[in-house]
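First comes the structure, then the notes that go with it.
First the proteins, then the strands, lettered A, B, ... as listed; each starts at 1.
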Amino acid sequence: MNRRILIVGGMVVLPLLALFFIGLGHDPREIYSPLIGRPAPSFTLTSLDGEEEISIDTTSGKPAILNFWASWCAPCLEEHSTLIEAARTLGDRVRLIGIVYDDTPENARAFLREAGEAFPTFFDPGGRVAIAYGVYGVPETFFIGADGRVVTKHTGPLSRKALAEHLRRMEEAP
Amino acid sequence: MTSLLTAPLLAFLMASPSTSAPLSLRAVEAIVGQPRHEPLAGEKLDRETQEVAALLRCPVCQGAAVADSPSSMALNMKAQTRDLLALGYDREQILRYFESSYGEFVRLRPPLSGVNWLVWASPIVALIAGAFLVWNVLRRGESRTDDEPQTNDDMASYLQKARDLSSVRRITTAEEGSNRSHAGGRS
């Protein structure tokens, strides 16, 4: 009888323990994204003055960084200087594109006037691009390799250290 | 300012192979292909939009459907659902598209495949296991009342031992008694 209790108890407890240890290996801050490793969606955006439409094809053979932000988002302001610095140091090697999410073009322009503008920023009417990339909130930054695949994604404000790590992974990708 | 920055970018980007679909739709087409249904309009479109939105989980809400949430993300998803239905995409295509960006989590009614089988099957398995356990216990209880003399074997032998012991004691006390009387007889 005791042995049976041991076997049944083990059958219940051991899988739970296994799940527990698998869970320990996860970074809780990392939000799962089905896009990692998949071709980055191409999309159309409008310029902040609303006059131009721009199509962005991610299969153009150059690594890209997509940064989703909003003027009402404090962490976005926090990371903006890091992005400006990155845009200056990376220059032509990487395309850096800002995408304004759930905001008005006026507020976005005011934000850029204050925080500085070093890379092209576009408006995402209807949040279509945000949906295509599975954006939950701002800021979120996607790193797209030269082959047009999403290499990594960063949720929350981007520190200099985190940016360097993502860039390293992006450049190591095929 | 913006156009100054975008001009080289545009030139760079527009040199991409063009397909029939506009880029805004290419993301959808890349995942689910061409529309499979006839384009919807009017009341039919309204109804189907509502029904599909009820099957979609709003990613930023606490377990609410896109149909029930006033958040801007839910409104955006609902608007895109409507547009796709109007273009002739069917329900499954639209769900699959949102799933491609947010994962299966976005489906409020996940399909019955893979690990999901576990979710559906485990209550049934647990029920059967529980029923078996109860049946087993009941059956054992029954058999115990049936062959009581057999299961009380240990008890019987114990009783027998106890009886033997007490009879031994009785004999010894009897002997002692007789001895005493004997001694008494002597004195």
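- Contact of B:Glu99 with chain A is made through the backbone alone, with heavy-atom distances under 4.5 Å.
- Contact annotation for B:Ala79: both backbone and side-chain heavy atoms come within less than 4.5 Å of a heavy atom of chain A.
- Side-chain atoms of A:Glu79 and A:Asn67 form a donor-acceptor pair, as typed in the model, at a separation below 3.5 Å.
- Taking chain B as the reference chain and counting heavy-atom pairs below 4.5 Å, the highest number among A:Pro41, A:Gly137, A:Gly127, A:Ala132 is found for A:Ala132.
- For a residue to count as touching a neighbouring chain, one of its non-hydrogen atoms must lie under 4.5 Å from one of that chain's; by this rule A:Ala130 touches chain B with the backbone only.
- For A:Arg38, the part lying near chain B is the side chain, with the backbone staying farther off; criterion is any non-hydrogen pair under 4.5 Å.
- The pair A:Arg93-A:Glu171 meets the salt-bridge criterion, with a side-chain N (NZ, NE, NH1 or NH2) lying under 4.0 Å from an Asp/Glu carboxylate O.
- Defined by atom type and a distance below 3.5 Å, a donor-acceptor pair is missing between the side-chain atoms of B:Thr49 and B:Asp46.
- Within the 4.5 angstrom heavy-atom criterion, no atom of B:Leu75 approaches chain A.
- The pair A:Glu117-A:Arg88 fails the salt-bridge criterion, with no side-chain N (NZ, NE, NH1 or NH2) lying under 4.0 Å from an Asp/Glu carboxylate O.
- B:Asp164 and B:Gln160 share a side-chain donor-acceptor pair at under 3.5 Å.
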